[in-house]
Undergrad: 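I'd like to ask you about the structure that follows.
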Amino acid sequence: MAPIIQIREMAEHIGAEVTLQGWLYAKTNKGRLQFLQVRDGSGLCQAVVFKKNVSEEDFAAAKELTQESSLRVTGKVVANERSPGIPGGYELDSTSLEVVQVADEYPIQPKEHGVEFLMKNRHLWIRSSRQWAVLRVRATVIRALRDWLDSHGFLNMDTPILTPAAAEGTTTLFEIDFHGEPAYLAQTGQLYNEANIFAFGKVYCFGPTFRAEKSKTRRHLQEFWMLEPEIAFCNLEQLMEIEEEMISYVIQRCLTENAEELKVLERDTASLQRVMAPFPRIHYDEAVAMINAAAEAGELVPGYDDPVPAMPWGEDFGSPHETYIAAQFDKPVFVHHYPTQIKAFYMEPEPGRAEVCRSVDLLAPEGYGEITGGSERMSDPEKLIAAIQAHNLPMEPYEWYVDLRKYGSVVHSGFGLGIERTVSWICGIGHLREAIAFPRMLQSMRP
RNA sequence: UCCUCGAUAGCUCAAUUGGCAGAGCAUGCGGCUGUUAACCGCAGGGUUCUUGGUUCGAGUCCAAGUCGAGGAGCCA
């Protein structure tokens, strides 16, 4: 019996007889010669079936195979420059074939399809090579993030998904019935992580978060995965260093571990190779000045036909503003010190200039938008209570949160990183829905 | 919530001013020893999103609705 191997390891078996097990991705029938494109989850390999090299029955069986039929195919691994595949350059010179199931007529063809059709068939679409590549990059991103954090003294702490109150008060939440009491699906684990750091120093949580926003754009999902590190004895400047080191590491890991996937996606890797710390940093004041200078000069938003709109100091950036700012740099750019009034209550105001706070967003290049948002947290209990009251939030749900500042309060900071946005950026794809296997979007949660 | 666009064969699309419903791919049958979304021949495949209206005549024009896409706001 030939050993069963994964297509990814073909190169290590040149000249050997092996068995591949997988599904038929595509087939070309040339009469006495058939080319079977077999995918097994790890890659894609062409199995060549010559009539004279296999039994009558096996040759006939190969002829009956439809797209996505499951099979096992045995043969000799041959290096051949002409062979397509992931990775390319190897093929299987088949000697025998076992059909597991002949698939029904498969709806997705190797050609252009519309979004609606593909989303309706998402359970099948994930088998297609582009989707397969994106989701493998996603796995690498998550693995690399965890590796970096785990090896830099962070402890993984899981935070609750069922929560009694809004963490930030502003965003729309999914309300559920917690045995007669209203509860909400978490939109962040941050407040709990702030408790965790006083026990463990440096922590991160990673899990799904939920936003019931009426957003219907390529940059929004109703359910997305967020990584949230939180660090004790860490100020805003130190936070930015952590972010840029971690993200540079993740990009470089993807470049080495997912070279084949990025090739499938036809991603321009030169722009990713530039993503090395340090990243440029600009103050909110500076960003507003850049935007208004561009607006005055009549510059267009990169990628759009609309001019950059002017904005008054004190407002949050609109989507066109973010796109314009990010396009001025060839690396991700930090924008820090946003106006206090547009940010969450727990952010530390800048000493001596309380109208701005010690917050920072990281904007990805190429129009991929905000991929992290973070800040130095308020560490004085009296100021925190005042902030909660100023935002008209109820005191009771935050009592434990204020408590943290009474027993050994320290300067601390943290941020959240959106996984789907990061994956979309790395893969160069146009919509977040492709960066998660089964996206939840406004008016769409099937399959 | 607002703005813009769209819906025709299983899929992707075409159909001139309102005048016979079309093609490619997929499917079935046949052919082919190097295909890369192969190619060649033959065949089958339609409630033109729904409802109403205008007209001798509507895929095409009008109205309402449904569904989808892109964008704004908000955000990661």
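Lettering of chains follows the sequences in order, A, B, ..., and the numbering in each one begins at 1. Please read all numbers here as calculations on a predicted model, not as lab measurements.
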Undergrad: Using a heavy-atom cut-off of under 4.0 Å over every strand shown, decide if A:Q46 touches base, sugar-phosphate, or nothing.
TA: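 Contact class for A:Q46: base.
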Undergrad: Compare the minimum distances between each of B:U35, B:G73, B:U33 and the side chain of A:T28, then state the nucleotide with the smallest one.
TA: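 Among the listed nucleotides, the one closest to the side chain of A:T28 is B:U35.
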Undergrad: Indicate yes or no: at least one non-hydrogen side-chain atom of A:L20 is less than 4.5 angstrom from one of A:I5.
TA: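 In contact.
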Undergrad: Hey, are A:D150 and A:R143 close enough for a salt bridge, meaning a charged N less than 4.0 Å from a carboxylate O?
TA: no
Undergrad: What's the closest nucleotide to the side chain of A:H431 if the choices are B:U12, B:G70, B:U35?
TA: B:G70
Undergrad: Can you identify which nucleotide, out of B:G34, B:A76, B:G70, has its nearest atom closest to the A:K30 side chain?
TA: B:G34
Undergrad: Side chain of A:K214 only, heavy atoms from C-beta on: which candidate in B:C75, B:G73, B:A69 is closest?
TA: B:G73
Undergrad: In whole angstrom, what separates A:H113's NE2 from B:C13's P?
TA: 11 Å
Undergrad: Measuring only the C1' atom in each nucleotide, how far is B:U4 from B:U8? A whole number of Å is fine.
TA: 23 Å
Undergrad: For the residue pair A:Y401 and A:Y346, does the interplanar ring angle fall in the parallel (under 30°), tilted (30 to 60°) or perpendicular (over 60°) class?
TA: perpendicular
Undergrad: Please state whether the rings of A:F279 and A:F334 are parallel, tilted or perpendicular, taking 30° and 60° as the class boundaries.
TA: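 The arrangement is tilted - the two ring planes meet at 30° to 60°.
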Undergrad: Between A:R82 and B:A38, is there a contact of a side-chain N or O with OP1 or OP2 at under 4.0 Å?
TA: no
Undergrad: Can you classify the ring geometry of A:F210 versus A:F174 as parallel (below 30°), tilted (30 to 60°) or perpendicular (above 60°)?
TA: perpendicular
Undergrad: Check every strand shown and say whether A:E315 touches a base, only sugar-phosphate, or nothing at a heavy-atom separation below 4.0 Å.
TA: nothing
Undergrad: Using a cut-off of 4.0 Å on non-hydrogen atoms, how would the nucleic acid contact of A:L417 be classed: base, sugar-phosphate, or nothing?
TA: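 Here A:L417 touches no strand at all.
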Undergrad: Take atom CG of A:L442 and atom C1' of B:G71, then tell me their distance rounded to the nearest Å.
TA: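 About 14 Å, once rounded to whole Å.
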Undergrad: Between A:Q222 and A:K27, which residue's closest nucleotide on RNA chain B lies nearer the 5′ terminus?
TA: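 Comparing both residues, the 5'-ward one is A:K27.
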Undergrad: Given that both distances must come in under 3.5 Å, which nucleotide forms a Watson-Crick or G-U wobble pair with B:A43?
TA: B:U27
Undergrad: Side chain of A:R218 only, please: which of B:G71, B:G34, B:U35 is the nearest?
TA: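 My answer, after comparing the listed nucleotides, is B:G71.
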Undergrad: Could you check which nucleotide pairs with B:U48 in any of the strands shown, counting Watson-Crick or G-U wobble with both distances under 3.5 Å?
TA: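 Check on B:U48: unpaired, no WC or wobble geometry under 3.5 Å.
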Undergrad: Searching all strands shown, indicate the nucleotide that pairs with B:U54 (Watson-Crick or G-U wobble; both distances under 3.5 Å).
TA: none
Undergrad: With centres under 5.5 Å and planes under 30°, do A:F35 and B:G34 count as stacked?
TA: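 No.
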Undergrad: Let me know the distance between CD of A:E322 and C1' of B:C74, rounded to the nearest Å.
TA: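 Whole-Å distance recorded here is 11 Å.
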Undergrad: A:L44 has an atom CG; how far is it from atom P of B:U35, in whole Å?
TA: 17 Å
Undergrad: Between B:G52 and B:U66, how far apart are the two C1' atoms, rounded to whole Å?
TA: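 After rounding to an integer number of Å, I get 15 Å for this pair.
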Undergrad: Is the ring pair A:H152/A:W148 parallel, tilted or perpendicular, if the boundaries are 30 and 60 degrees?
TA: parallel
Undergrad: Closest nucleotide of RNA chain B for A:E116 versus for A:R32: which of these residues is on the 5' side?
TA: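 With A:E116 and A:R32 compared, the 5'-side residue is A:R32.
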Undergrad: Before accepting this row, confirm whether a basic side-chain N of the pair A:R138/A:E420 lies closer than 4.0 Å to the acidic partner's carboxylate O.
TA: yes
Undergrad: Would you classify A:H220 as touching base, sugar-phosphate or nothing, given that sugar-phosphate means primed atoms plus P, OP1 and OP2, and contacts are heavy atoms under 4.0 Å?
TA: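 Touches a base.
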Undergrad: Heavy atoms from C-beta onward define the side chain here; which of B:A37, B:G34, B:G68 lies closest to that of A:F50?
TA: B:G34
Undergrad: May I have the distance from A:K63 (atom NZ) to B:U27 (atom P), rounded to whole angstrom?
TA: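 Distance, rounded to whole Å: 15 Å.
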Undergrad: Quantified in whole Å, what is the C1' atom distance between nucleotide B:A9 and nucleotide B:A23?
TA: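 After rounding to an integer number of Å, I get 11 Å for this pair.
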Undergrad: Is any side-chain N of the basic residue among A:E355 and A:K343 closer than 4.0 Å to the acidic one's carboxylate O?
TA: no
Undergrad: Give one of base, sugar-phosphate or nothing for A:G114, where a contact means two heavy atoms less than 4.0 Å apart.
TA: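 Counting heavy atoms under 4.0 Å across all strands, the contact made by A:G114 is with sugar-phosphate only.
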Undergrad: I need the single residue from A:E241, A:E286, A:E244, A:E243 that forms a salt bridge (Lys or Arg N to Asp or Glu O under 4.0 Å) with A:R281. Which is it?
TA: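 So the option named by the test is A:E244.
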Undergrad: Picking from B:G10, B:C75, B:A69, which would you name as closest to the side chain of A:R211?
TA: B:C75
Undergrad: Contact class for A:E81 (heavy atom, under 4.0 Å): base, sugar-phosphate, or nothing?
TA: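 Contact class for A:E81: none.
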Undergrad: For a quick check of understanding: with a heavy-atom distance under 4.0 Å over all strands, which category does A:T422 fall into, base, sugar-phosphate or nothing?
TA: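 Since no nucleic acid heavy atom lies under 4.0 Å of A:T422, the category is nothing.
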Undergrad: Under 4.0 Å, heavy atoms only, any strand: does A:D316 hit a base, just the sugar-phosphate, or nothing?
TA: sugar-phosphate
Undergrad: Given the P atoms of B:A15 and B:G57, what is the spacing between them in whole Å?
TA: 25 Å
Undergrad: Take atom P in B:A58 and the same atom in B:U16, then report the distance between them in whole Å.
TA: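 The same atom, P, in both gives a distance of 16 Å.
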Undergrad: Looking at the side chain of A:E105, which of B:U27, B:C11, B:G34 is the nearest nucleotide?
TA: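 Within the option list, the nearest is B:U27.
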Undergrad: Any base atoms under 4.0 Å from A:L221, or only sugar-phosphate, or nothing? Heavy atoms, all strands.
TA: base
Undergrad: Taking atom C1' in both B:A7 and B:A76, compute the distance separating them and give it to the nearest angstrom.
TA: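 Those two atoms are separated by 33 Å.
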Undergrad: Is there a donor N/O on one and an acceptor N/O on the other, under 3.5 Å, for the side chain of A:Q109 and the base of B:G24?
TA: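 A donor-acceptor contact between them is absent.
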Undergrad: Is the gap between the ring centers of A:F317 and A:Y284 under 6.0 Å?
TA: yes
Undergrad: Output the single nucleotide from B:G70, B:G73, B:U35 whose closest atom is nearest the side chain of A:Q37.
TA: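 It is B:U35.
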Undergrad: Check the distance between B:G28's P and A:E64's CD and give it to me in whole angstrom.
TA: 9 Å
Undergrad: Can you tell me the pairing partner of B:A15 across any strand shown, Watson-Crick or G-U wobble, with both distances under 3.5 angstrom?
TA: none
Undergrad: In whole angstroms, how far is the C1' atom of B:C75 from the CE atom of A:M441?
TA: 17 Å
Undergrad: Rounded to whole angstrom, note down the P distance from B:A64 over to B:G22.
TA: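 One P to the other, the span is 33 Å.
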Undergrad: Taking the P atom of each, how far is B:C49 from B:A14, in whole Å?
TA: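 Per the computed distance, 13 Å lies between those P atoms.
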Undergrad: Can you tell me the distance, in whole Å, between the CE atom of A:M445 and the C1' atom of B:C67?
TA: 17 Å
Undergrad: Tell me the partner of B:U4, counting only Watson-Crick (N1-N3 plus N6-O4 or O6-N4) or G-U wobble (N1-O2 and O6-N3) with both under 3.5 Å; none if nothing fits.
TA: B:A69
Undergrad: Look through every strand shown and name the nucleotide pairing with B:A76 as Watson-Crick or G-U wobble, where both distances are under 3.5 Å.
TA: none
Undergrad: Is a donor-acceptor pair below 3.5 Å formed from side chain A:S215 to base B:C75, judging by atom type as modelled?
TA: no
Undergrad: Quick one: which of B:A69, B:G73, B:G34 gets closest to the side chain of A:K216?
TA: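 Closest nucleotide among those given: B:A69.
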Undergrad: Answer with base, sugar-phosphate or nothing: what part of the nucleic acid does A:P107 contact at a heavy-atom distance below 4.0 Å?
TA: nothing
